[in-house]
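The structure under discussion appears below in the form of structure tokens.
Just so it is clear, the model here is predicted, and its values are computed rather than measured. Naming: A, B, ... by sequence-line order, numbering from 1 per chain.
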There are 2 protein chains.
Amino acid sequence: MARLGAAEAVFNVLRGEIESGKLEVGAKLSSEAALAQEYGVSRSVVREALRSCTALGLTMTRTGKGTFVIANRVAADLVLGQYSARDLTEARPHIEVPAAGLAAQRRTEEELESLRGIVDAMSSEDDPEVWVTLDSSFHAAIARASGNRVFERVVADIREALANQSETLNMVADRKIASDREHESILHAIEVGSSEDAQAAMEAHLHAVGVALNSILNK
Amino acid sequence: MARLGAAEAVFNVLRGEIESGKLEVGAKLSSEAALAQEYGVSRSVVREALRSCTALGLTMTRTGKGTFVIANRVAADLVLGQYSARDLTEARPHIEVPAAGLAAQRRTEEELESLRGIVDAMSSEDDPEVWVTLDSSFHAAIARASGNRVFERVVADIREALANQSETLNMVADRKIASDREHESILHAIEVGSSEDAQAAMEAHLHAVGVALNSILNK
DNA sequence: GCTGTCCGGCTGTCTGACAGGTTCACACAA
DNA sequence: TTGTGTGAACCTGTCAGACAGCCGGACAGC
């Protein structure tokens with residue numbers, strides 16, 4: 001292991017506090033001068049550490065105001081870049097369908113409760129923006145329940161990229177009723193541990209969503 | 001667009017030169033003092049810009065020696081982190097099999113030639129290390145030929161993560177003959193445009209590789 | 001209540017300095 | 001001739017201090 005420079009060390013501490021959630025998204029960090037004093041280093045070192053955090057998309061610095069946490073993990077966009085809606089909708093089923101199948105086999109009771117909570121919250125949610133966030137959480141929770149970290153990560157990245165496309169929001173209002181029902185089927189299959197049903201339900205759901213999205217994109 | 005600070009501007013220039021290939025991997029950057037003079041800024045600014053590059057995994061700085069380019073794109077590890085061999089081998093088929101199917105439908109003549117070149121080079125290659133690199137290129141080329149950038153990206157990331165696992169190299173010597181034959185089948189299916197055959201051949205190949213890997217891991 | 005001004009805090013950048021790592025040439029000894 | 005070691009030159013890592021410009025709030029005047 002390379003001997004850590006001071007700047008590297010401060011960066012690691014800050015990154016740890018951000019990724020662990022000790023520093024929440026939106027939180028304002030102490031001023032550079034205060035951090036310098038706190039860690040017993042010069043302001044240059046603190047600035048370089050903050051520059052690293054900013055490069056990773058974890059923080060944002062605004063002149064005269066301070067540095068703020070804007071994400072608690074390294075942004076997928078950094079690596080994934082921009083994908084077309086066509087590529088994303090084409091790829092999604094191949095990841096999320098098997099993930100749903102594995103989730104049906106491997107989900108724990110806690111994960112099941114979490115999924116149930118999300119589905120219930122969605123059905124009684126009217127604000128489209130909140131609903132979209134919950135929808136993201138639902139798919140992410142299934143990927144997590146698959147027990148495969150690759151699926152978990154790729155699903156998160158794909159959904160993040162999709163969320164950045166403005167068309168998504170326009171679609172959800174129309175699809176809400178149907179989606180609620182489809183989510184319920186997926187959850188039920190995972191609950192009873194039927195891998196085949198979970199895959200079929202997820203496939204049907206993604207297919208329906210893909211059709212709806214395409215009809216908007218081709219308009 | 002936020003007005004660019006000087007450090008941000010220098011960082012953008014450096015990142016551009018690295019990602020465009022103008023600065024090749026392995027190249028040594030000018031010293032901080034030289035860069036400062038070149039861009040008309042202070043050394044602090046240059047150091048912050050370099051710190052950003054380093055945070056993204058593009059460069060590495062060694063005390064007393066200088067700063068070197070170590071990658072021409074943002075490293076996947078940055079986001080993907082560490083995955084277990086089990087997770088990787090479980091996820092691979094779900095990505096690479098459909099990618100092979102799409103490649104059979106969409107590949108261009110150039111992509112086909114490229115694939116043929118890689119397969120030929122592999123069959124007459126004895127050095128395991130070189131062979132592994134070519135193997136990576138083969139799978140990456142198929143993902144590229146799928147015409148779906150999500151598959152292309154995810155395959156690259158998965159293979160990069162796999163390449164970091166030392167077991168991989170131990171396996172290839174034994175699998176070389178069989179793999180050569182399997183690669184040939186995949187290529188043939190893509191050549192004649194049979195999506196089903198390409199998927200089946202890729203599935204058989206990954207299954208065989210997965211079995212071989214597991215037998216090593218469980219030893 | 002509204003407005004304009006001022007002040008304190010913060011970031012952005014610059015300068016100059018010194019410690020410590022790295023390399024290489026050159027003089028000196030075996 | 002060969003080997004050694006020693007110092008100079010160059011590099012990064014860090015520090016302290018300084019100043020300009022941005023920002024938000026306090027405050028006086030209208």
[X]: what forms a salt bridge (charged side-chain N to carboxylate O under 4.0 Å, His left out) with it, not counting sequence neighbours?
X: Glu32(A); answer: Arg43(A), Arg47(A)
X: Arg116(A); answer: Asp120(A), Glu184(A), Glu191(A)
X: Arg51(A); answer: Glu8(B), Glu48(B)

Listed partners of Arg181(B) passing side chain to side chain donor-acceptor pair (under 3.5 Å), at least two apart = none
ask   = Of all residues at least two apart in sequence or in a different chain, which pass the side chain to side chain donor-acceptor pair (under 3.5 Å) check with Ser44(A)?
value = none
Over how many whole Å does the gap from [X] atom [atom1] to [N] atom [atom2] extend?
X: Gln37(B); N: dG16(C); atom1: CD; atom2: P; value: 13 Å
X: Phe68(B); N: dT22(C); atom1: CZ; atom2: C1'; value: 10 Å
X: Arg62(B); N: dC10(D); atom1: CZ; atom2: C1'; value: 16 Å

message = Phe151(A): which residues meet the ring pair (Phe, Tyr, Trp, His ring centres under 6.0 Å) condition with it, sequence neighbours left out?
response =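 In terms of ring pair (Phe, Tyr, Trp, His ring centres under 6.0 Å), with neighbours along the sequence ignored, Phe151(A) is linked to His94(B).
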Those residues of residues 41-50 of chain B lying under 4.0 Å from DNA chain C by at least one heavy atom = Val41(B), Ser42(B), Arg43(B), Ser44(B), Val45(B)
query = So which of Val25(A), Ile70(A), Leu56(A), Val69(A) actually passes side-chain contact (heavy atoms from CB on, under 4.5 Å) with Ile18(A)?
reply = Val69(A)
message = Per the side-chain hydrogen bond (donor to acceptor under 3.5 Å, both in side chains) rule, what does the pair list look like for residues 16-29 of chain A, sequence neighbours excluded?
response = Arg15(A)-Glu19(A)
Just the table, please: protein N/O against nucleotides 4-10 of chain C N/O, every pair under 3.5 Å.
unit_1: dG9(C); atom_1: N2; unit_2: Gly64(A); atom_2: O; d: 3.4

